[in-house]
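Below is one structure, written out as structure tokens, with a few remarks after it.
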Amino acid sequence: MPPAIGDGELDRRLDAMGRQFEETVARLTDNQEVIAGIKAFLRMLRTETA
């Protein structure tokens, strides 16, 4: 079983993953509606974890 992660560390990891994901998605230009939906989903996740 992996070691437990504290809430602060988990939040930092999720934020870092979200930023990296947003940066990657921002490079895509084929389907702007999908990109906007994914970004909105990530914002929603951030507000629920805050």
Side-chain angles (χ1 to χ4, degrees):
M1 190 169 179
I5 298 174
D7 286 343
E9 177 65 18
L10 181 59
D11 287 343
R12 283 189 292 279
R13 287 184 183 189
L14 287 173
D15 284 343
M17 285 181 5
R19 281 191 303 275
Q20 182 178 5
F21 189 78
E22 282 186 15
E23 289 170 7
T24 301
V25 168
R27 290 185 216 132
L28 302 174
T29 56
D30 291 341
N31 196 330
Q32 294 299 320
E33 289 180 11
V34 171
I35 293 169
I38 292 170
K39 286 181 177 181
F41 177 71
L42 289 172
R43 284 191 301 273
M44 181 184 70
L45 286 178
R46 285 192 184 137
T47 58
E48 288 182 4
T49 60

Glu22 and Arg46: which non-hydrogen atoms are nearest, and at how many Å?
->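 Reported closest heavy-atom pair: OE2-NH1, 3.3 Å.
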Spacing of CE belonging to Met17 relative to CG belonging to Asp15, to within rounding of 0.5 Å |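 Rounded to the nearest 0.5 Å, the CE-CG separation comes to 10.0 Å.
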Kindly write out the residues that satisfy side-chain contact (heavy atoms from CB on, under 4.5 Å) with Arg43, not counting sequence neighbours, or none if the list is empty.
->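 In terms of side-chain contact (heavy atoms from CB on, under 4.5 Å), with neighbours along the sequence ignored, Arg43 is linked to Lys39, Ala40.
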Non-neighbouring partners of Arg12 that pass salt bridge (Lys or Arg N to Asp or Glu O under 4.0 Å), sequence neighbours left out =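 Per chain and number, Arg12 pairs via salt bridge (Lys or Arg N to Asp or Glu O under 4.0 Å) with Glu9.
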